[in-house]
Amino acid sequence: MAFEYVPAIVLLPFLSFLIALFAGKYLPKGGALAGIAATAGSLLLSIWAFLTVRSQGAYQETIYTWASGFGEQPWELTFGVLIDPLSAMMLVIVTLIATLVHVFSLGYMNDEGETGLPRYYAGLGLFTASMLGFVVADNLLMAFMFFELVGLCSYLLIGFSFREDGPPSAAKKAFLVTRFGDYFFLIGVVAVFATFGTAAFAGAESFPVLAEEAVAGDVTVNTFGFDPTTWFTIVGLLMLGGVVGKSAQFPLHTWLPDAMEGPTPVSALIHAATMVAAGVYLVARMYGFYAVSPTALAIIAFIGGFTALFAATMGVVKREIKQVLAYSTISQYGYMMLALGAGGYVAATFHLMTHAFFKALLFLGAGSVIIAMHHNENMWDMGGLKDKMPVTYWTFLAGSLALAGIFPFSGFWSKDEVLYEALIHGLGGSPLLLGAYAMGLLAVPVTAFYTFRMVYLTFHGEPRSDTARDPEPVRWNVKFPLTVLGVLAVTAGLVNMVPVQKVLGLEGIDYLHQWLDQSFDPLTAHHYAEVSPYSSGYIGGEATTVLVGAAVSLGLALGGLLLATQLYNVAEPTEHTAKLGAIKDVLYNNYYQDEFQVWIANRTRAVASVADTFDQGVVDGVVNGVSSVSLFSGSRIRRIQTGVVTNYAALLTLGLTALLLAFGLLGGWFL
């Protein structure tokens, strides 16, 4: 059975990490070939597991129990695997992107003449293994461990060029900001154990199922004096801290643009299939738990809608190609959070899949351009690359059309379903969801505008530098991943053509819904039902709502595209964003969020200094004062311990004499 080999999906990239780390300097290309073979092997095993889930159903197995307790509520801490439709799909996505990134790195890193290639490929292997371990985890604590390991790997890879000034600073920022969110996540994990006595994701005794039963009044769990719904909201929001940090949602998104200091293939892996995807995947994995709390879901939706618009506005003015894509990633994960919060579990998972393909394509396409431009990332130094780099251009264009949500590319189908779910549940009576929908809708034309501003500045017009006039050619190991991802950017949306189904009344073309909704057995059935605490509302019926929503979204996307075409698809473009005046400065400086964080840090440092003074002078002062008395008396008294017998005899004699005198005086006083 394929399920017997599931641990190998994780262990193969881990093995490539060990090979590159300890033997990479003796191997050609720093161990790259071992990494390609390992990730390709994991991809084949993931496809096998995917097909096995389809034919045999979900699978869960405990591999190792590393701690257990007894008493009234026995508990166990285990490592195990859970392979179901969600994790099987995610395994294929992660291993495919990781394999293509390894192949692309042959052309990017070795072309650059980088030193430390064994360290680079070791980092890629550990990064991939960590994400795969997170995906297959069957319990929350195991997921948290791999969640943290993913963060460590991002730190190592973002700071790969540690001899330069920028990468180490960016790596530390990414590590610290995400750790801040993970602090709340850890408290949430402890709260889950304290509440349910288990952290299992699946099965009749899993914590999502117990949460549903506790709200229904069928079981009693420890809610520490709160009613179940309120307590589950608190726990869900605590764990959301880790999600907001990893998936770069407001206000913990500031690390992601700086993470562009890492090598471009690393950026593709982080943004498309690993670290940033981990937060959204975690909410999807626990969706049965979040579904019992409409408040938590509404907050998730609002954060997502706000982040989608907020990040998109900053992408409008960026000059570096990777910076534009970084803010695009923040915005697109905002759409996924919007869908999850709006009750669109399948829509969020769908956009997670399509985004993985077209965003990996765009980052690798940017990497191809950066190779050609001798690692100059400024779009205003580019131009005219369309005819000189046809494979890169046409695949990059496919990814851009998908990102902008233009029909019939993959991003159109998934983003349209995200907005549709937010719209109907907002119309069903949730003003917060309607507000989130409005922000997501406003982000559509902004996304199309900055995307095609990037396309036109990079590939169209006349070359604006000597490097652009004579770009360096790229090899097959760059073109092959672009071609594969370009095909997926065009076709991946066809797996879930919900608008066509609803408008034409066709059955059987919403393949992703069928895949995620199928109730194989009680192990995972509760995850995939369209559980939503919201009521639905429509504009003149379901089909009309679909048509109106899709038409408005597509019209806005085309409007943003046409505006970018008019302004930037010219021979000699000018920087029209300068007309924004002070607004441009605000956007270019990211709303001065970094400066605000520094200001907060300085205020915090002042408070910490006062607290330290109080601690050292008062708290420690009292303790040290008491101990100093004891130490002083002890240092004096110990002087009588000389070890000389005659001294001890003299002291005994003096002591006896003193006692006799004391008794004599006391006796005389009483008489």
Side-chain angles (χ1 to χ4, degrees), residues 2 5-24 27-51 81 83 87-110 117-136 146 149-150 152-154 156-157 160 262-278 281 353 356-357 359-361 363-364 367 476-485 487-488:
Y5 300 99
V6 166
I9 297 175
V10 181
L11 293 175
L12 281 174
F14 184 76
L15 179 61
S16 74
F17 155 71
L18 296 176
I19 291 173
L21 187 65
F22 294 108
L27 298 174
K29 301 185 183 299
L33 299 181
I36 294 172
T39 51
S42 292
L43 173 60
L44 293 175
L45 291 174
S46 297
I47 294 172
W48 190 10
F50 182 92
L51 297 175
V81 296
I83 306 298
S87 58
M89 184 188 78
M90 196 66 185
L91 283 176
V92 174
I93 293 172
V94 174
T95 52
L96 174 62
I97 301 299
T99 302
L100 295 176
V101 165
H102 273 80
V103 173
F104 186 90
S105 296
L106 285 174
Y108 189 90
M109 299 301 292
N110 292 281
L117 287 179
R119 178 166 51 87
Y120 171 80
Y121 287 110
L124 281 188
L126 185 60
F127 205 178
T128 304
S130 302
M131 185 63 189
L132 293 172
F134 172 74
V135 169
V136 302
F146 281 104
L149 193 54
V150 166
L152 171 64
C153 294
S154 70
L156 296 173
L157 287 168
F160 173 74
T264 301
V266 171
S267 299
L269 195 58
I270 289 176
H271 289 243
T274 53
M275 183 166 174
V276 191
Y281 178 82
M353 179 189 71
F357 297 144
K359 186 52 61 69
L361 168 61
F363 265 107
L364 296 184
W476 71 269
N477 41 35
V478 171
K479 296 176 182 178
F480 173 72
L482 295 179
T483 303
V484 173
L485 293 169
V487 172
L488 290 171

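Every heavy atom of this structure was used, including side-chain atoms; hydrogens, water molecules and symmetry mates were not. On a predicted model such as this, the values are computed, not experimentally measured, just so you know.
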If I take atom [atom1] from residue [X] and atom [atom2] from residue [Y], how far apart are they, to the nearest 0.5 angstrom?
X      : Y      : atom1 : atom2 : value
Leu361 : Leu364 : CG    : CG    : 7.5 Å
Phe50  : Leu43  : CZ    : CG    : 12.0 Å
Thr483 : Leu488 : OG1   : CG    : 11.0 Å
Lys29  : Tyr120 : NZ    : OH    : 13.5 Å
Phe480 : Leu485 : CZ    : CG    : 9.5 Å

> How would you list, by chain and number, every residue that makes a side-chain contact (heavy atoms from CB on, under 4.5 Å) with Thr264, sequence neighbours excluded?
Replying inline: Tyr108, Lys322, Ile370
> Sequence neighbours excluded, which residues qualify as side-chain contact (heavy atoms from CB on, under 4.5 Å) partners of Leu152?
Replying inline: Leu149, Tyr155, Leu156
>> Between Leu106 and Ile36, does the side-chain contact (heavy atoms from CB on, under 4.5 Å) criterion hold? Intermediate values first, please.
In response: CA-CA 10 Å; Leu106 285 174; Ile36 294 172; 3.6 Å; yes
Return the minimal non-hydrogen interatomic distance between [X] and [Y], and the atom names on each side.
X      : Y      : result
Ala38  : Ser16  : CB-CB, 3.7 Å
Leu157 : Pro263 : O-CD, 3.5 Å
Ala277 : Met90  : CB-CE, 3.9 Å
Leu269 : Ala98  : CD1-CA, 3.9 Å
Gly30  : Tyr121 : O-CD1, 3.7 Å
Ala356 : Ile97  : O-CD1, 3.7 Å

Which residues share a ring pair (Phe, Tyr, Trp, His ring centres under 6.0 Å) with [X], sequence neighbours left out:
X      : result
Phe127 : none
Phe363 : His271
Phe14  : Phe17
Phe104 : none

Is the closest side-chain heavy-atom distance between [X] and [Y] below 4.5 Å?
X     : Y      : answer
Leu44 : Thr95  : no
Ile83 : Val136 : yes
Leu45 : Leu12  : yes
Leu51 : Ile47  : yes

>> Would Tyr5 and Leu11 count as a side-chain contact (heavy atoms from CB on, under 4.5 Å) here? Give the steps.
In response: CA-CA 10 Å; Tyr5 300 99; Leu11 293 175; over 6 Å; no
>> Going by side-chain hydrogen bond (donor to acceptor under 3.5 Å, both in side chains), name the residues that satisfy it together with Ser42, two or more places apart in sequence or in a different chain.
In response: none
Result block: side-chain N/O donor-acceptor pairs under 3.5 angstrom for residues 128-135, not counting sequence neighbours:
residue : atom : partner : partner atom : Å
Thr128  : OG1  : Leu124  : O            : 2.8
Ser130  : OG   : Leu126  : O            : 2.7

